[in-house]
Amino acid sequence: MTAQTCRKPLVSAVGVSKHFVMSESLLSRRLTGLSARQVMAVDAVSMEIYPGETVGLVGESGCGKSTFGRVMVGLLQPTSGQVYYGNTPIWGQKSIDRSELKHRAQIIFQNPYSSLNPRYTVRQTIDVALAARGVPPRHRYEEARSLMTRVGLSPDYLERYPHQLSGGQRQRVAIARALATQPEFIVADEPLSSLDVSVQAQIISLLEDLQNEYGLSYLLIAHDLRVVYHMCNRVAVMYGGQIVEFAPTDALYERPLHPFTRQLLGAIPGTGGRRRRNRNGRGHSPAQASFATSIEAESMIDSSQAHIANACQFWPRCEQAAPVCKKSSPELLSLSFGSASAFGASHSDTASGASTEPQGDRLVRCHMAHNRQ
Ligand SMILES: Nc1ncnc2c1ncn2[C@@H]1O[C@H](COP(=O)(O)OP(=O)(O)OP(=O)(O)O)[C@@H](O)[C@H]1O
Ligand SMILES: [Mg+2]
């Protein structure tokens, strides 16, 4: 997709954390004496998304991607931190109106089988979204028909229930529902994960067409690094609820600096972790590529549980860990001008409208990253 640069971010997360409190079972309460346990799903994540760009978010299962995506569209309130649309916060005093937020931001959920209400026909599902946008009832049917056509489905499907649709058709309905509010920002949470390869290619192409047509921005959460390479302008790598590397796509794939990113890219079969774009500037089409890719890391450690006080979260799995990695937690640093500035400590510049346009710099959370530059 074409990177569109713009001076001001469309959506910004500033130091967003989300913790869940889990009540413990009677047995574990007796054994540990604790009645509740905290899951740090997202830990102080900052991210800016610019108009018309696609930012990829990758990481192993349970690292906090979906939770962060939900926080970005206001479905979950962060435990701390804030999300801004332009300069307007979405929580607290003087926050954006909820109906305006619904109108501006949408999410395509991870599983098209559970994200559609089984009791609603497609028409009813889209109707709810059109009503949220304030479309008068007499115009909704025509709008629903044209949305169906736009996502490549016959309007005849409007009267069907989700169980009467294939996975790819459900995902198209989910996209039509998202488009119904005419959003500017869509979180696509693994929109391809339950689809076969040829349908994946169709949905990718649809998402790209819609972006070009409506100037949408996407946060694309995905497990498939080939899809991320193909679609994204920048990629954030998450581990244990934190961003560990954030860089323009080419830079990240050609020269990953965090050891976890290297592990993930090394898991793409037959590439040695390095891939070249074809002459159109795009990666191989998903239909051409063999999609055996999984970025599940070798270890089955649940990274959301990997918080280690005063140490790098990744050191137990890191082949290059040094003594300092066990003693202090690295910050997310910009490496473009040396290890000069910490990222995400304060984004008041963003909120006040100052330029924070990405200049191709990369952010890495690793004590040893400067050795790999
Ligand atoms: N509502 C909840 N209550 C308690 N814990 C939760 C809740 N939602 C998510 N979690 C926990 O937060 C962590 C992050 O979950 P999340 O769904 O964001 O991960 P993910 O990166 O999207 O994983 P996947 O790739 O498998 O979809 C996990 O440990 C999960 O168990
Ligand atoms: Mg998820």
Side-chain angles (χ1 to χ4, degrees), residues 13 15-25 28-29 34-47 55-81 83 106-116 167 170-171 174 178 186-195 200 203 218-228 231-232 235-246 258 260-261 263-265 267-268 291-308 313-314 316-317 365:
V16 162
S17 296
K18 180 67 190 174
H19 303 168
F20 294 106
V21 179
M22 309 282 294
S23 0
E24 292 296 313
S25 66
S28 56
R29 270 196 307 233
L34 300 171
S35 59
R37 181 171 64 93
Q38 261 203 359
V39 177
M40 270 168 114
V42 176
D43 187 8
V45 170
S46 295
M47 177 184 290
V55 173
L57 181 59
V58 302
E60 60 194 4
S61 187
C63 72
K65 303 180 296 296
S66 296
T67 304
F68 180 68
R70 284 167 192 239
V71 170
M72 287 293 267
V73 295
L75 284 181
L76 280 177
Q77 182 166 12
T79 312
S80 60
V83 177
Q106 283 290 318
I107 184 164
I108 300 168
F109 288 102
Q110 193 161 354
N111 183 352
Y113 289 89
S114 60
S115 67
L116 299 176
R170 284 174 198 225
Q171 203 55 295
I186 294 181
V187 172
D189 189 354
E190 302 198 26
L192 312 172
S193 59
S194 53
L195 307 176
Q200 286 183 353
I203 299 289
Y218 293 130
L219 175 64
L220 176 71
I221 298 171
H223 270 111
D224 194 318
L225 291 175
R226 291 172 203 251
V227 172
V228 171
M231 289 187 71
C232 299
V235 180
V237 180
M238 201 173 207
Y239 183 81
Q242 297 179 328
I243 301 288
V244 294
E245 187 159 4
F246 195 2
H258 194 281
F260 180 57
T261 316
Q263 273 192 16
L264 295 184
L265 293 176
I268 302 177
F291 270 157
T293 308
S294 160
I295 62 163
E296 299 303 325
E298 299 140 16
S299 159
M300 293 306 289
I301 295 172
D302 176 356
S303 62
S304 69
Q305 304 302 311
H307 290 272
I308 304 164
Q313 310 289 351
F314 191 65
R317 292 169 62 178
R365 188 185 295 278

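Every value quoted in this text rests on a predicted model; they were computed, and no experiment measured them. Both counts, for ligands and for their atoms, begin at 1 and track the order of listing.
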(message) Taking only non-hydrogen atoms of M238, do any sit less than 4.0 angstrom from ligand 1?
(response) no

(request) Might you point out which heavy atoms bring I221 and G69 nearest each other, and give the distance in Å? (result) CD1-CA, 4.2 Å

(request) Answer whether the closest heavy-atom distance between the side chains of V227 and L220 falls below 4.5 Å. (result) yes

(request) Please identify each residue that fulfils side chain to side chain donor-acceptor pair (under 3.5 Å) with S115, with sequence neighbours left out. (result) none

(request) Please report the shortest heavy-atom distance between A44 and S17, naming the atom on each side. (result) N-OG, 2.8 Å

(request) With heavy atoms under 4.0 Å as the rule, classify the contact between T67 and ligand 1 as side chain, backbone, both or neither. (result) both

(message) Distances under 2.8 Å only: what protein N/O/S atoms are near the Mg ion (ligand 2), ordered by chain and residue?
(response) S66 OG, Q110 OE1

(request) Measure the shortest side-chain to side-chain distance between L192 and D224 over non-hydrogen atoms and say whether it is less than 4.5 angstrom. (result) no

(request) Considering the heavy atoms of G64, write down every atom of ligand 1 situated less than 4.0 Å from one of them. (result) 14 (C), 18 (O), 19 (O), 20 (P), 21 (O)

(message) How close do Q171 and E190 get, counting heavy atoms only, and between which atoms?
(response) NE2-O, 4.5 Å

(request) Determine, stepwise, if the pair Q110 / K65 fulfils side chain to side chain contact (heavy atoms under 4.5 Å, CB included). (result) CA-CA 11 Å; Q110 193 161 354; K65 303 180 296 296; over 6 Å; no

(message) Taking distance alone, with N or O pairs closer than 3.5 Å, would you say F20 contacts ligand 1?
(response) no

(message) I'd like to check which ligand 1 atoms, numbered from 1 as shown, lie under 4.0 Å from a non-hydrogen atom of V39.
(response) 11 (C), 12 (O), 29 (O)

(message) My understanding is that only one of H258, R317, E245, Q313 makes a side chain to side chain donor-acceptor pair (under 3.5 Å) with Y239; could you say which?
(response) R317

(message) With the threshold set at under 4.0 angstrom, would you say H223 reaches ligand 1 through any of its heavy atoms?
(response) yes

(request) For atom 14 (C) of ligand 1, state which one of G240, S193, G62, G69 supplies the nearest heavy atom. (result) G62

(message) Quick check: do V45 and F246 have side-chain heavy atoms less than 4.5 Å from each other?
(response) no

(request) May I ask you to list the atoms of ligand 1 that are less than 4.0 angstrom from any heavy atom of E190? (result) 25 (O), 27 (O)

(message) Are I243 and F68 packed together at the side-chain level, in the sense that at least one heavy-atom pair is separated by less than 4.5 angstrom?
(response) no

(request) Tell me, please: is C63 in heavy-atom contact with ligand 1, that is, under 4.0 Å? (result) yes

